[in-house]
Amino acid sequence: MADITPLERVRNIGIMAHIDAGKTTATERVLFYTGKKHKIWETHDGEADMDWMDQEKERGITITSATTVCFWKNHHINIIDTPGHVDFTIEVERSLRVLDGAVALLDASQGVEPQTETVWRQADKYNVPRMIFANKMDKMGADFYSCLQSIEERMTNKAVAIQIPNGKAETFAGIVNLINMKYYTFEGDKGVDVLEHEIPEELKAQAENYREKMLDTISVFDDELAEKFLEGVEIPVDVIKRALRTGTISGNLFPVMCGSALGNKGVQLMLDAVIDFLPSPLDRGVMQGEDVDNPDTKIERKPSDNEPVSAIAFKILTDPFVGTLTYVRVYSGVVRSGEMLLNPITGQKERVGRLLLMHANKREEVAEIHAGHICAFLGLKDTRTGNTLCDIKHPIILENMTFPETVISIAVEPKSKSDQEKMGLALAKLAYEDPTFNYHSDEETGQTIISGMGELHLEVIVERMKREHKVEVTTGAPQVAYRETITQNVEGEGVFKKQTGGRGQYGHVVLKLEKNDEKIYEFESQIKGGVIPNEFIPAIDKGAREVVAQGLLAGFPIINVKVIPFFGSYHDVDSSEVSFKVATHKAMKDAFFKASPILLEPIMAVEIVTPDDYVGTVMGDLSSRRGIILGQTPRGNATAISAKVPLAEMFGYSTDLRSNTQGRAQFTMQMSNYERVPEQVAKKIIAERSGKVKGAGDDE
């Protein structure tokens, strides 16, 4: 990077929203107006730069987050365009982890939609400063003021309009900027000429009203502004911008703008706001991490080239031409091509082969990357998503990421022997890239089971196996990720005794099995007086973990349990780790079936937006799927129905919804929680799975 932009002029931002709100189109316009590209391609034509995967072009949606670099008014902007579909929510999660700021896009005709709420909560989790852009103002049903109301009702009461539109839908003509009280129109080819005018007479009263609201809201962030506001004197533009910036960076204010990316109106003003109000790496301040040898000791890294290197790998991608690309955010120090870094999570040293600035799937090689920037490292071998990379002499572990559990599985089988060999490699690469995808071999059937976040997620995985890895597979019916748990606290005992001609086997464990809503699994030894030697305690833990992973009721993992061994006995000669592990299997089985075990199933939060004519039909169909209707609200000229429905009942729902509403309704769903499976349904599942459950310890 020959031209190094000072850190105060660097912005690392993401564009996030519900599916179809126009994120990728907005990013395409940004690249056009900043001179990064000279022609605009459209998402609906399958030609957008940022949707570069074949499937993204075909489906017209973003599947993988793409990064790019552009420049605007002497500022360096790193942009990540994230997916809106809930099945790919991990892409948003890992992007937000490394971003300094974000632009939340709304479809102005829909307001706040379910996935907008989800990504907003994800951004809350990482304290990411945000601003909001009400997109598609030229679409039928668009209403900026309804958007403001839905933002307050469904997302935050800290939003403030800094612009208002002139017109809506087909009458949308321009934008009033409440900061400088000027009116803007966008003329010329693709709206490249931003023309400034006085505010039209018919908009003046409304503009004054909303400016008054804005100044009142932001006055708490700047004493000078508050003083002038109370005195009723003219407030300079730079003072207003300073107050807005302070409120936005602190996370106590979210400026709201409007426009139409597809209609080429308002994107340049949005870019100005990114520079004016969203933070630089310096504004985000120091990064906190842990000492490698003493996790309780906190270490800080300032965003500076003079600090030791600290960085986070936030995304891994297998490129067919160059190999494994690791997307990295550098928080401190300077990383140079060929340098050795430490992965403190694995303890391994990693050589940075090449450094690449990414523009979607195009690459520009650089010699070094500075603090505050995002790029791709080539050549890393053992670094996973969320791992820290740091200076070997100054190790630090930055906060890792947490990933949701998979909720749906399908069986995949290779079509030929050559596909069999390639399938294992393909699955390993895909799982390496995506922490929300995993696979395992079913011991009973020999089938390979793949698991993910939803039907679309697994569809895309199977398609990628075919296209990128040239593996032909057939798929089985989807399976739900049920879980098992207990409803009572109980005790269980297990003895494993085997006498042979030589040395025998002896283990005896008595344990408590308790409900634990806080953790999936917890182990606490209360063995006293040496009734079982300390060397065998890890074997008891291992035995319990094996049972929990396999399940006992229907072969599904057991969750929310605490295992407490408190008594037992051993033999000086015959006891071993194996004998205590088997004894633990028996004790767990004994306790589990005394504890009134139940099956749990994933429950999905579902929202359907349907024309009013079909509301009754849609609600009736949801009820037939064991759904619970939570409510309905008007959404433009349609109705939004929210419900909770078991995942097991939602397979094939998109096809049924299309046929029930003549293709006019759409829906989104995301994992909500686990709930008890009704008894009749549970009996059926257990009967079907009876061959899957091993009598733990019986075959030892």
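- Relative to the six-membered ring of Y327, R329 misses at least one condition, a distance below 6.0 Å or an angle of at most 45° to the axis.
- In terms of the side-chain contact (heavy atoms from CB on, under 4.5 Å) criterion, residue partners of S332 (sequence neighbours excluded) are, by chain and number, R301, E307, S310.
- For the pair V69 and N78, the minimum side-chain heavy-atom distance is below 4.5 Å.
- Atoms NZ and CE, from K415 and M423 in turn, are 13.0 Å apart once rounded to the nearest 0.5 Å.
- Side-chain contact between L430 and H469 is present, with at least one heavy-atom pair separated by less than 4.5 Å.
- Of the candidates T346, N343, D382, T326, N343 is the only one forming a side-chain hydrogen bond (donor to acceptor under 3.5 Å, both in side chains) with N387.
- Legend: residues meeting side-chain hydrogen bond (donor to acceptor under 3.5 Å, both in side chains) with E472, ordered by chain and number and at least two apart, are absent.
- Residues passing the salt bridge (Lys or Arg N to Asp or Glu O under 4.0 Å) test with E339, sequence neighbours excluded: none.
- The salt bridge (Lys or Arg N to Asp or Glu O under 4.0 Å) test applied to D621 returns R625, not counting sequence neighbours.
- With sequence neighbours left out, K683 forms a side-chain contact (heavy atoms from CB on, under 4.5 Å) with E679, Q680.
- With sequence neighbours excluded, the residues forming a side-chain contact (heavy atoms from CB on, under 4.5 Å) with A682 are L599, V677, listed by chain and number.
- Partners of S659 under the side-chain hydrogen bond (donor to acceptor under 3.5 Å, both in side chains) rule, at least two apart in sequence or in another chain, do not exist in this structure.
- The salt bridge (Lys or Arg N to Asp or Glu O under 4.0 Å) test applied to E365 returns R354, not counting sequence neighbours.
- Shown here are the side-chain contact (heavy atoms from CB on, under 4.5 Å) partners of S672, two or more places apart in sequence or in another chain: A605, K644.
- In I520, the CD1 atom is not crowded: 12 or fewer heavy atoms of neighbouring residues, nucleotides or ligands sit closer than 6.0 Å.
- Listed by chain and number, the residues in a salt bridge (Lys or Arg N to Asp or Glu O under 4.0 Å) with R483 are E405 (sequence neighbours excluded).
- For Y439, there are no ring-ring contact (aromatic ring centres under 6.0 Å, His included) partners, not counting sequence neighbours.
- Partners of Y482 according to the ring-ring contact (aromatic ring centres under 6.0 Å, His included) rule, which considers only residues two or more places apart in sequence or in another chain, are F556.
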